[in-house]
Amino acid sequence: PAAEVRCVMSRTPQKIDRRNFMNGRWSMRAGVGAPGSAEIASILVQVRPERLAKAIRAIETLPGAQIFCRDPKGKIVVVLEATDVSAIGETLSVISTLPDVLTASLVFQGTDAG
């Protein structure tokens, strides 16, 4: 069975299937976040050191993605900003399938009420 993550929104507990979230198939209230809110996430990405520059260029082209920091050993911290949770999951999936990426792990995800 898929691992589940518990989430509390508007005082109503809701079960979220982790696999669906990671694949961009879950979002708040039919795909729309609360008005004036933004989803923020950080992702730790590992690439081969000799391919660091190429991976950074590819990640920087993704909507809402920016490189927070990088390490010459091939580690990149990416900050994502999106209007809903599904966009975070979709972008994480895209990053993890880039040819130069070895791993991409969600480290933090939260909602900024603005």
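Nothing here was measured: the structure is a model prediction, and the numbers come from that model. The residues of the chain are indexed from 1 along the displayed sequence.
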*Asks:* If you compare all heavy atoms of Asp84 against all heavy atoms of Glu39, which two are closest, and at what distance to 0.1 Å?
*Replies:*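 Smallest interatomic distance, heavy atoms only, reads C-CG, 3.4 Å.
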*Asks:* Leu106 and Leu62: same hydrophobic cluster, using ILVMFWY side-chain contacts below 4.5 Å?
*Replies:*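 Yes: a chain of side-chain contacts under 4.5 Å links Leu106 to Leu62.
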*Asks:* Identify all side-chain donor-acceptor contacts of residues 94-103 below 3.5 Å with residues at least two apart in sequence or on another chain.
*Replies:*
{"residue": "Ser96", "atom": "OG", "partner": "Leu92", "partner atom": "O", "Å": "3.3"}
{"residue": "Ser96", "atom": "OG", "partner": "Ser93", "partner atom": "O", "Å": "2.9"}
{"residue": "Thr97", "atom": "OG1", "partner": "Ser93", "partner atom": "O", "Å": "3.1"}
{"residue": "Thr97", "atom": "OG1", "partner": "Val94", "partner atom": "O", "Å": "3.0"}
{"residue": "Asp100", "atom": "OD1", "partner": "Arg51", "partner atom": "NH1", "Å": "3.4"}

*Asks:* Applying side-chain contact (heavy atoms from CB on, under 4.5 Å), name anything that partners Phe68, two or more places apart in sequence or on another chain.
*Replies:*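 Expected list: Val77, Val79.
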*Asks:* Taking salt bridge (charged side-chain N to carboxylate O under 4.0 Å, His left out) as the cut-off, I'd like each qualifying pair that reaches into residues 59-79, sequence neighbours left out, listed once.
*Replies:*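 Every pair satisfying salt bridge (charged side-chain N to carboxylate O under 4.0 Å, His left out) with a residue in residues 59-79: there are none.
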*Asks:* What distance do Gln46 atom CD and Leu44 atom CG have between them, rounded to the nearest 0.5 Å?
*Replies:*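 Here the interatomic distance stands at 7.0 Å.
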*Asks:* Are Ile56 and Ile43 grouped together when hydrophobic residues (ILVMFWY) are joined by side-chain heavy atoms under 4.5 angstrom apart?
*Replies:*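 Yes, Ile56 connects to Ile43 through the hydrophobic network.
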*Asks:* Applying side chain to side chain contact (heavy atoms under 4.5 Å, CB included) between Ile59 and each of Ile76, Thr91, Leu80, report the one that passes.
*Replies:*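 Option passing the side chain to side chain contact (heavy atoms under 4.5 Å, CB included) with Ile59: Ile76.
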